[in-house]
A.B. asks: 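Got a structure here, written out as structure tokens. Questions coming.
Note that the structure is predicted; figures quoted are calculated from it, not measured.
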Amino acid sequence: MVTRSAIVVGAGIVGTSTAWALHGRGWDVTLLDAGPVPNPDGSSGGVHRLIRSTYGAERGYTAMIAEAYDAWDDVWATLGRTLMAHTGMLVLDAPGGGTYGADSAAVADDLGLPYVRFDDMDEVRARWPQFRIPAGATAIHQEQAHFLRAREIVGAMTGWLAAHGVTVRPHTAATGVDLDTGIVALQDGERLTADRVVVAAGPWTTRLAGVDAPPLTPSRQVVVDLAVPDDLRAAWDTGPAFLIQPAYGVPPREGLPLKVGDHHFSMAGDPDEDRTPRPDEVAAVLDVAGEALVDIHRYELLEARACFYTVHDEERFVVAPRGARGALCAGFSGHGFKFGPVIGRGVAAALDGDTPWDVVTPWAAGGVDT
């Protein structure tokens, strides 16, 4: 049997998961990243990411969560440990603030997913006094939600891959790819060739893939880590992750702080510019947090960070072949981490010919009938 070769450009969760899945199928894999691995400037470089099944009206991505959990179980079996903590998820719809929670509940009903609906906001306030609950709001809560220890996961997966025959090359910047010939040009002048090239380079995808890239926009997003007030610590210790538009948050667990961000995309920024958050950016996130949390002035700011999402024009994942030897994985809009391993398995199955691309591509784009 002839061993086929693949180069994966980008060692975030999608690239690393694709390398993991291809290695499991017997491919000779080289995994490249322009920075250290894990790369703090990559979209997977944060401390933690949520995995949950509240996706508004997006039935396809909601259904994909079950597959994602299954793929993560395979990762935990590979690593011999689980890097995930339970949080639960609260989604609140305020009057005039949209119907994300109601839409999530309708999809959950359709798919048979459990949740609790709250119409009595006094019950929500009593259970979770940290949240600012406006009159006339409604809320749902799902137990099946967790955070994934993102940076540790990428480090553990790339470490395992390097120890099991995958060539992992940090600080190896690609300057271009030819997806017809399978050639990757490196910054130092070296040229690598493989049977297949997978580009999973986040906000740098368009620069690398050129005309082969889909319509993508890098989006600079600032998040803050907060220390909670002592009198609310018990509430936060068992409190859920939350989406109270426009704020979202990951609760403190396992020694990690409360993280809060703005659910809206900035749709601006250059991933190679200074990542230090500006004071106005931090203030804007704290203002958003103050709309969701009671007495935000009592929370201590521990750290603010700027990261980059990559947003497709239709806010769909782009997982598709390009050229005779290439594939692109892009446009994950801040949601890619939770789906990393299941996307990697899908890419590997397509490259191996087990699943046609015309099945994998619409599935990854949120299709539900493929």
A.B. asks: May I ask you to test the Asp231-Arg298 pair for a side-chain heavy-atom distance under 4.5 Å?
C.D. replies: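 Side-chain contact under 4.5 Å: yes.
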A.B. asks: So that I can tick it off, tell me whether Lys259 and Glu303 are bridged by a salt bridge, with the cut-off set at under 4.0 angstrom between side-chain N and carboxylate O.
C.D. replies: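 Looking at Glu303 and Lys259, the cut-off is not met.
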A.B. asks: Closest heavy-atom contact between Leu208 and Ala201?
C.D. replies: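 Scanning both residues completely, I find the closest heavy atoms to be CD1-CB, 3.7 Å.
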A.B. asks: State the CG-CG distance between Leu302 and Leu226, to the nearest 0.5 angstrom.
C.D. replies: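 Answer rounded to 0.5 Å: 6.5 Å.
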A.B. asks: To the nearest 0.5 angstrom, please state how far the CG atom of Asn39 sits from the CG atom of Asp33.
C.D. replies: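 Rounded to the nearest 0.5 Å, the CG-CG separation comes to 4.5 Å.
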A.B. asks: Between Arg52 and Ala145, is there a donor-acceptor pair closer than 3.5 Å when you use the side chain of the first and the backbone of the second?
C.D. replies: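 Answer holds: no.
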A.B. asks: Could you tell me if the ring centre of Trp160 sits under 6.0 Å from that of His23?
C.D. replies: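 Yes - the distance between ring centres of Trp160 and His23 falls below the 6.0 Å cut-off.
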A.B. asks: Out of curiosity, does Trp204 fall in the hydrophobic cluster containing Val319 (side-chain heavy atoms, cut-off under 4.5 Å, transitive links)?
C.D. replies: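 Per the 4.5 Å side-chain linkage, Val319 and Trp204 are not co-clustered.
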A.B. asks: What distance do Tyr115 atom OH and His141 atom NE2 have between them, rounded to the nearest 0.5 Å?
C.D. replies: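 Going from the OH atom of Tyr115 to the NE2 atom of His141 covers 14.0 Å.
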A.B. asks: Judged by modelled atom types alone, do Asp352 and Trp27 share a side-chain donor-acceptor pair under 3.5 Å?
C.D. replies: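 On atom types as modelled, these side chains qualify, holding a pair under 3.5 Å.
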A.B. asks: For residues Leu216 and His312, report the shortest heavy-atom separation together with the two atoms involved.
C.D. replies: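 Nearest pair, atom of Leu216 first, then His312: CD2-CA, 4.0 Å.
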A.B. asks: Hey, mind stepping through Leu351 and Leu22 against side-chain contact (heavy atoms from CB on, under 4.5 Å) and telling me if it holds?
C.D. replies: CA-CA 9 Å; Leu351 292 177; Leu22 287 170; 4.1 Å; yes
A.B. asks: Within this structure, what is the CG-CG distance for the pair Asp119 and Asp122, rounded to the nearest 0.5 Å?
C.D. replies: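 Spacing of CG (Asp119) from CG (Asp122) equals 12.5 Å.
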A.B. asks: If every non-hydrogen atom of Pro271 is compared with every non-hydrogen atom of Pro218, which pair is closest and at what distance?
C.D. replies: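 Minimum heavy-atom contact is CD-CB, 4.3 Å.
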A.B. asks: Is there a chain of hydrophobic side chains (I, L, V, M, F, W, Y, each step under 4.5 Å between heavy atoms) that links Tyr248 to Phe308?
C.D. replies: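 No, separate clusters.
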A.B. asks: Of Arg275, Arg220, Arg207, which is the lone residue that meets salt bridge (charged side-chain N to carboxylate O under 4.0 Å, His left out) with Asp270?
C.D. replies: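 Among Arg275, Arg220, Arg207, the one that satisfies the salt bridge (charged side-chain N to carboxylate O under 4.0 Å, His left out) with Asp270 is Arg207.
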A.B. asks: Taking Asp212 for the side chain and Arg322 for the main chain, is one N or O donor matched with an acceptor at less than 3.5 Å?
C.D. replies: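 Such a contact is absent between Asp212 side chain and Arg322 backbone.
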A.B. asks: Can you tell me if Asp180 uses its side chain to pair, donor with acceptor, with the backbone of Ala324 under 3.5 Å?
C.D. replies: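 Answer holds: yes.
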A.B. asks: Any side-chain donor-acceptor pair under 3.5 Å between Gln142 and Ser53?
C.D. replies: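 There is such a pair (donor and acceptor under 3.5 Å, judged by atom type) between the side chains of Gln142 and Ser53.
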A.B. asks: Is the positively charged end of Arg59 above the ring of Tyr55, judged by distance under 6.0 angstrom from the centroid and angle within 45° of the axis?
C.D. replies: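 Cation-pi check for Arg59 and Tyr55: fails.
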A.B. asks: Are side-chain heavy atoms of Glu291 and Pro246 found at a separation under 4.5 Å?
C.D. replies: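 Sidechains of Pro246 and Glu291: in contact.
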A.B. asks: Under the salt bridge (Lys or Arg N to Asp or Glu O under 4.0 Å) rule, collect the residues that match up with Glu152, sequence neighbours excluded.
C.D. replies: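 Glu152 satisfies salt bridge (Lys or Arg N to Asp or Glu O under 4.0 Å) with Arg149 once adjacent residues are dropped.
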A.B. asks: Would you say the side chain of Tyr100 lies within less than 4.5 Å of the side chain of Asp93, judging by non-hydrogen atoms?
C.D. replies: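 They are in side-chain contact.
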A.B. asks: Hey, mind stepping through Phe147 and Leu256 against side-chain contact (heavy atoms from CB on, under 4.5 Å) and telling me if it holds?
C.D. replies: CA-CA 11 Å; Phe147 72 63; Leu256 299 179; 3.9 Å; yes
A.B. asks: Check whether any side-chain heavy atom of Tyr299 lies under 4.5 Å from a side-chain heavy atom of Val228, and answer yes or no.
C.D. replies: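 The answer is yes; the side chains approach within 4.5 Å.
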A.B. asks: Are the aromatic rings of Phe317 and His335 close, with centres under 6.0 Å apart?
C.D. replies: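 They do not qualify: ring centres at least 6.0 Å apart.
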A.B. asks: Look at the side-chain heavy atoms of Ile, Leu, Val, Met, Phe, Trp and Tyr, link any pair under 4.5 Å apart, and say whether Leu161 and Val154 land in one connected group.
C.D. replies: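 Yes; Val154 is reachable from Leu161 via cluster members.
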A.B. asks: Could you check if a side-chain atom of Arg345 sits within less than 4.5 angstrom of a side-chain atom of Asp70, using non-hydrogen atoms only?
C.D. replies: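 Side-chain contact under 4.5 Å: yes.
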A.B. asks: Pair Leu192, Arg169 - check side-chain contact (heavy atoms from CB on, under 4.5 Å), show working.
C.D. replies: CA-CA 12 Å; Leu192 305 177; Arg169 295 183 59 174; 3.8 Å; yes
A.B. asks: Within a strict 4.5 Å, meaning less than it, do heavy atoms of the Leu32 and Leu186 side chains meet?
C.D. replies: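 Heavy-atom side-chain distance check passes, below 4.5 Å.
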A.B. asks: Quick one, Asp225 with Arg305, criterion salt bridge (Lys or Arg N to Asp or Glu O under 4.0 Å). Give me CA distance, side-chain angles, the key distance, then yes/no.
C.D. replies: CA-CA 9 Å; Asp225 289 343; Arg305 299 179 303 282; 2.6 Å; yes
A.B. asks: Has Ser219 got a side-chain atom pairing as donor or acceptor with Ser266's backbone, closer than 3.5 angstrom?
C.D. replies: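 Yes, because the side chain of Ser219 sits within donor-acceptor range (under 3.5 Å) of the backbone of Ser266.
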A.B. asks: Give the minimum heavy-atom separation between Pro240 and Pro251, together with the two atoms involved.
C.D. replies: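 The pair with the smallest heavy-atom distance is C-CG, 3.7 Å.
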A.B. asks: In a table with atom names and distances, give each donor-acceptor pair under 3.5 Å that connects a side chain of residues 128-139 to protein atoms at least two apart or in another chain.
C.D. replies:
unit_1	atom_1	unit_2	atom_2	d
Gln130	NE2	Ala235	O	3.4
Arg132	NE	Gly290	O	3.1

A.B. asks: Would Leu328 and Val347 show up in the same hydrophobic cluster when neighbours are defined by side-chain heavy atoms closer than 4.5 Å?
C.D. replies: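 Not linked; separate clusters.
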A.B. asks: Can you confirm whether Ser5 sits close enough to Thr30 that some side-chain heavy atom of one is under 4.5 Å from a side-chain heavy atom of the other?
C.D. replies: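 Counting from C-beta outward, Ser5 and Thr30 never come under 4.5 Å.
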A.B. asks: Using only heavy-atom distances, determine whether the side chains of His86 and Glu143 contain a donor-acceptor pair under 3.5 Å.
C.D. replies: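 There is such a pair between these side chains.
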A.B. asks: Any idea which heavy atoms bring Thr206 and Pro214 closest together, and the distance?
C.D. replies: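 Smallest interatomic distance, heavy atoms only, reads OG1-O, 4.3 Å.
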A.B. asks: Would the number of heavy atoms belonging to other residues, nucleotides or ligands and lying under 6.0 Å from CZ of Arg125 be above 12?
C.D. replies: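 Yes.
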A.B. asks: Rounded to the nearest 0.5 Å, how far apart are CZ of Phe242 and OG1 of Thr54?
C.D. replies: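 These two atoms lie 12.5 Å from each other.
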A.B. asks: Would you please classify the geometry between the Phe337 ring and the Trp72 ring as parallel, tilted or perpendicular, with 30° and 60° separating the classes?
C.D. replies: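 The arrangement is parallel - the two ring planes meet at less than 30°.
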A.B. asks: Would you say Val8 and Val342 are hydrophobically clustered, going by side-chain heavy atoms of ILVMFWY under 4.5 Å?
C.D. replies: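 The answer is yes; both residues are in one hydrophobic cluster.
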A.B. asks: Taking Thr172 for its side chain and Pro170 for its backbone only, find out whether a donor-acceptor pair lies under 3.5 Å.
C.D. replies: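 Checking the backbone N and O of Pro170 against the side chain of Thr172, a donor-acceptor pair under 3.5 Å is found.
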A.B. asks: Is the closest side-chain heavy-atom distance between Met157 and Ser17 below 4.5 Å?
C.D. replies: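 Yes; the side chains approach each other to less than 4.5 Å.
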A.B. asks: Could you grab the distance from atom CD of Gln221 to atom CE of Met267, nearest 0.5 Å is fine?
C.D. replies: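 It comes to 9.5 Å.
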A.B. asks: Test side-chain contact (heavy atoms from CB on, under 4.5 Å) on Phe332 and Lys338; report intermediate values, then the result.
C.D. replies: CA-CA 10 Å; Phe332 296 104; Lys338 63 181 68 65; over 6 Å; no
A.B. asks: Which pair of non-hydrogen atoms, one from Leu50 and one from Gly249, has the smallest distance, and what is that distance?
C.D. replies: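 Result for this residue pair: CD1-O, 4.1 Å.
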